[in-house]
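In what follows, chains carry the letters A, B, and so on, assigned in the order in which the sequence lines appear, proteins first and then strands, with residues in each chain numbered from 1.
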Amino acid sequence: MGRTDEVRVRIAPAPTGHMHLGNARTALFNWLFARHHGGKFIVRIDDTDLERSSEEAVKAILDALRWLGMDWDEGPEVGGPYGPYIQSQRLDIYREYAKKLVEGGKAYYCYCTKEELDAMREEARKRGRPFKYPGKCRNLTPEERERFEREGRRPTIRLNVEAAWGSREGKIVVHDLVLGDVEFDVKEFDDFIIMKSNGMPVYNFATVVDDYLMRITHVIRASEHLSNTPKQILIYKALGVEPPKFAHVPMVLGSSKGEKLSKRHGAVAVEWYRDQGYLPEAMINFLARLGWSYDDKEEIFTVEELIEKFDLDRVGRSGSVFDINKLNWLNKQYIMMMPLSKRTDAVIPFLERAGLIKREEITPEKRRWLEKIVEAVGDRMTTLADIVDYTYFFFTDEFEYSEEGLRKWLSKEGVPEMLEEVKELLAGVEPFERGEIERALRGYVEGKGLKAIRVFQPIRVAITGKTVGPGLFETIELLGRERTLGRLERAIRFLKGRTENP
RNA sequence: GUCCCCAUCGUCUAGCCUGGUUAGGACACGGGCCUUUCGAGCCCGCGGCACGGGUUCAAAUCCCGUUGGGGACGCCA
């Protein structure tokens, strides 16, 4: 088996929906930590809440991890020596450990019903006191137990905190790698439930049993779990085993108000960003910088650099707001760095989804043309999805003149006549490529003594419908002579039609 | 309410441990240059140590308090 000093970390997502950005960030920190230290990254599915867990959610989470490029050494699909890695398949294990604790006097059966508990809670609330389970069932006689059983009551199992800790006094201290030592008074804890009456373990218990059995060395998780940690330490105590090291990383926030990131603040699912055309490299880079920093100048890190540089000592303590502006900037940086061929590959699904191309119809010749179009778009895309807005007119003649284009550039004195002249000019350009096209058009502008913009923009609107886009000469070349002339003709007719029938 | 955590430009952060910086960078924003548009690029600018007390010759940095925000207090995870 592995060296005893081998780093083993895990993420334990609950498959109740999509992969949340906050979870992705936690996963990333764990993954980077494992890779940096040459350890193991483990995925364990925390599906003990049967009601809310689903197969699809498991798949969504694994897909998101894969898309982001985080591979796991042990877990679903890959297995491993400490499996199974799905908690609902480990029920016997939890029951066995819970039973051991009961037998050792560290836990006990509790027959209090939900209703009774609620009543006690309500009572405590009325008197303005915090509710703590009073230990009613701590010392049940066999007869009492039998009576409850006969009544058909299904017991929960509670940890006997005093027995687990060995005293009613003292401080539970969490030696946190990010926050430092954090102390909790044992008195604050009541005998909390570790096994539900339906035989399922409670989060804190399943987590501890699995982390122990899976030889987890470092628990790196969001700081919202800090207050669970003393309870878990109590369970480790009861089990008589050493707890792992803990590191609570700051949460990902949704606004400067400091609230936890949620749907209210925008998209939180990793899948959404993928579908929107964000690159996994950009997401990784962005997520890594949320709560972690390397120095005072570097912003862009490749995955390799992150692995090399990441460690817990440079993780901050305060929460970080998810800022889509910065993500957008990063994403653009990564798109710009992509080699043309790769960028073309990346953009094809988006063109396809918009109904502009069909993958199976891409001949080598069409592929070359596509690459040229992507090249012409250059560094204008923020997300891959932007390709559609920048290029749809290359693929279809079905477009309208934008309001601004019409008003500002086409509806001007002499434009139809000018377009007519440009059309004739372009008809004779040989060869029909950007250099020659530019020379001809600039010659025209100069001959007329016009400002370039007053000629180029109307042409742009006439042939693309838009006021913004790739360079005009490339656009004309890529459109080809026939379509360019056709679109000029169409614009001329359109404009004449308007003046004749206002 | 109780316990716990946090606090540097609007945002991400460096600096804090080991007091002395014009408190640095990046995104965003504003302006300029370049340019056929947009984008990119370049230049300039705006903007911050939550507050109050200490300690000290000197505090973003050390100590105490206040305020603000957040998290946890479930047979959710």
Side-chain angles (χ1 to χ4, degrees), chain A residues 12-14 16 46-49 51-53 110 112-114 117-118 121 125 128-132 154-158 174 176 178-179 182-185 187-190 192-204 206-207 222-231 248 250-251 253 255-260 286 289-300 314 316-330 332 336 377-382 386 390 405 409 438 441-442 445 451-457 459-461 464 466-473:
Chain A
T16 55
D46 195 339
D47 60 346
T48 51
D49 184 351
E51 310 278 287
R52 300 197 299 151
S53 299
C110 171
C112 296
T113 64
K114 205 162 194 144
L117 257 11
D118 284 346
R121 230 175 245 121
R125 197 189 58 78
R129 316 205 116 263
F131 172 74
K132 292 223 192 78
R154 305 273 75 214
T156 60
I157 297 179
R158 287 182 183 271
V174 180
D176 193 279
V178 170
L179 300 171
V182 182
E183 293 187 346
F184 296 85
D185 200 310
K187 289 194 199 75
E188 292 161 29
F189 300 94
D190 66 355
F192 55 90
I193 291 170
I194 58 174
M195 291 293 283
K196 306 178 201 176
S197 56
N198 65 1
M200 299 297 283
V202 149
Y203 165 74
N204 280 318
T207 298
S223 59
E224 52 188 311
H225 287 288
L226 179 61
S227 37
N228 280 316
T229 310
K231 289 187 182 177
H248 289 91
M251 296 194 306
L253 311 175
S255 79
S256 46
K257 294 251 182 291
E259 305 150 305
K260 188 155 119 177
F286 176 72
R289 289 282 288 100
L290 237 42
W292 173 85
S293 65
Y294 177 64
D295 59 16
D296 62 346
K297 47 175 89 65
E298 287 186 69
E299 293 289 341
I300 297 190
R314 291 204 64 87
R317 282 177 298 268
S318 52
S320 344
V321 177
F322 177 92
D323 178 17
I324 192 125
N325 275 325
K326 189 122 182 190
L327 208 212
N328 284 340
W329 173 78
L330 265 175
K332 182 167 238 170
M336 293 194 299
V377 171
D379 46 31
R380 290 173 177 81
M381 288 184 280
T382 294
D386 289 343
Y390 277 115
W409 302 108
E438 176 165 8
L441 255 17
R442 287 202 190 280
V445 165
K451 281 192 75 176
I453 193 171
R454 308 220 59 98
V455 175
F456 295 165
Q457 279 298 78
I459 300 176
R460 176 187 296 284
V461 177
T464 71
K466 293 152 59 77
T467 57
V468 301
L472 183 62
F473 316 118

(message) In the structure I gave you, are the side-chain heavy atoms of A/F184 and A/K231 within less than 4.5 Å of one another anywhere?
(response) no

(request) Under a 3.5 Å limit for both distances, which nucleotide forms a Watson-Crick or G-U wobble pair with B/A28, could you say? (result) none

(request) Check every atom of B/A77, B/C27, B/C75 against the side chain of A/I193 and return the nucleotide holding the closest atom. (result) B/C75

Where do N or O atoms of nucleotides 43-50 of chain B meet protein N or O atoms at under 3.5 Å, pair by pair?
none

Every protein N/O lying under 3.5 Å from an N/O of nucleotides 3-6 of chain B:
unit_1 : atom_1 : unit_2 : atom_2 : d
B/C3   : O2'    : A/E188 : OE1    : 2.9

(request) Measure from the side-chain heavy atoms of A/R121 and tell me the nearest of B/C75, B/G10, B/A26. (result) B/C75

(message) Tell me the interatomic distance from A/H225, atom NE2, to B/C73, atom P, rounded to whole angstroms.
(response) 10 Å

(request) Determine the contact category for A/H248: base if any of its heavy atoms lies under 4.0 Å from a base atom, sugar-phosphate if only primed atoms, P, OP1 or OP2 are that close, otherwise nothing. (result) nothing

(message) Please give the distance between the P atoms of B/A28 and B/C43 as a whole number of Å.
(response) 15 Å

(message) Just the rounded figure in Å: distance from P of B/C27 to CD of A/E298.
(response) 15 Å

(message) Quick check on B/A28: is either OP1 or OP2 less than 4.0 Å from any side-chain nitrogen or oxygen of A/K332?
(response) no

(message) What is the distance, to the nearest angstrom, from the CD1 atom on A/I324 to the P atom on B/C27?
(response) 17 Å

(request) Give the minimum heavy-atom separation between A/K451 and A/V445, together with the two atoms involved. (result) C-CG1, 4.3 Å

(message) Expressed as a whole number of angstroms, how long is the span from A/K297:NZ to B/C12:C1'?
(response) 17 Å

(message) Taking the C1' atom in each of B/G15 and B/A60, what is the distance between them to the nearest angstrom?
(response) 8 Å

(request) Could you check whether A/P250 gets within reach of a base, just the sugar-phosphate, or nothing at all, counting any heavy atom under 4.0 Å? (result) nothing

(message) Please give me the minimum heavy-atom distance between A/T467 and A/G405, naming the atom from each residue.
(response) CG2-CA, 3.5 Å

(request) Could you tell me whether the phosphate oxygens of B/G69, OP1 or OP2, come under 4.0 Å of any side-chain nitrogen or oxygen in A/K260? (result) no

(request) Check the distance between B/C12's P and A/W329's CH2 and give it to me in whole angstrom. (result) 16 Å

(request) Output yes when at least one side-chain N/O atom of A/R314 is less than 4.0 Å from OP1 or OP2 of B/G15, else no. (result) yes

(message) Counting the atoms with a prime plus P, OP1 and OP2 as sugar-phosphate, which does A/L290 contact under 4.0 Å by heavy atoms, base, sugar-phosphate, or nothing?
(response) sugar-phosphate

(message) Please confirm whether the shortest side-chain N or O distance from A/R442 to OP1 or OP2 of B/U36 is below 4.0 Å.
(response) yes

(request) Considering only atom C1', compute the distance from B/G20 to B/A59 and round it to an integer number of Å. (result) 10 Å

(request) Describe the nucleic acid contact of A/S197 in one word from base, sugar-phosphate, nothing, applying a heavy-atom distance below 4.0 Å. (result) base

(message) Using whole Å, what does the distance between atom C1' of nucleotide B/A40 and atom CG of A/D379 come to?
(response) 4 Å

(request) Ignoring backbone atoms, establish whether A/S320 has a side-chain N or O less than 4.0 Å from OP1 or OP2 of B/U13. (result) yes

(request) State, yes or no, whether a side-chain contact exists between A/T16 and A/D49 at a heavy-atom distance under 4.5 Å. (result) no

(request) Could you give the distance separating B/G52 and B/A7 at their C1' atoms, to the nearest angstrom? (result) 15 Å

(message) Using a 4.0 Å heavy-atom cut-off, does A/M195 contact any base of the nucleic acid, only the sugar-phosphate backbone, or nothing at all?
(response) nothing

(request) Determine the contact category for A/F322: base if any of its heavy atoms lies under 4.0 Å from a base atom, sugar-phosphate if only primed atoms, P, OP1 or OP2 are that close, otherwise nothing. (result) nothing

(message) Given B/G74, B/C27, B/A77, identify the nucleotide with an atom nearest to the side chain of A/F131.
(response) B/G74

(request) Classify the side chain of A/N228 and the base of B/A77 as holding, or not holding, a donor-acceptor pair under 3.5 Å. (result) yes

(request) Mind checking A/G471 for me? I need base, sugar-phosphate or nothing, with any heavy atom below 4.0 Å counting as a touch. (result) base

(request) Answer with base, sugar-phosphate or nothing: what part of the nucleic acid does A/G378 contact at a heavy-atom distance below 4.0 Å? (result) nothing

(message) If I take atom CG in residue A/D118 and atom P in nucleotide B/C75, what distance separates them, rounded to the nearest angstrom?
(response) 8 Å

(message) What's A/T207 touching, base or sugar-phosphate or nothing? Going by heavy atoms closer than 4.0 Å.
(response) nothing

(request) Could you tell me whether a side-chain N or O of A/D176 sits under 3.5 Å from a main-chain N or O of A/H248, the two making a donor and an acceptor? (result) yes

(message) Could you tell me how far apart A/N328 (CG) and B/U11 (P) are, to the nearest whole angstrom?
(response) 18 Å

Can you give each donor-acceptor pair under 3.5 Å made by side-chain atoms of residues 194-203 of chain A, sequence neighbours left out, with the distance rounded to 0.1 Å?
unit_1 : atom_1 : unit_2 : atom_2 : d
A/N198 : OD1    : A/M200 : N      : 2.9
A/Y203 : OH     : A/H225 : ND1    : 3.2

(message) Does A/Y294, at its OH atom, have more than 12 non-hydrogen atoms belonging to other residues, nucleotides or ligands within less than 6.0 Å?
(response) no

(request) Sticking with atom C1', work out how far B/U13 lies from B/G30, rounded to a whole angstrom. (result) 22 Å

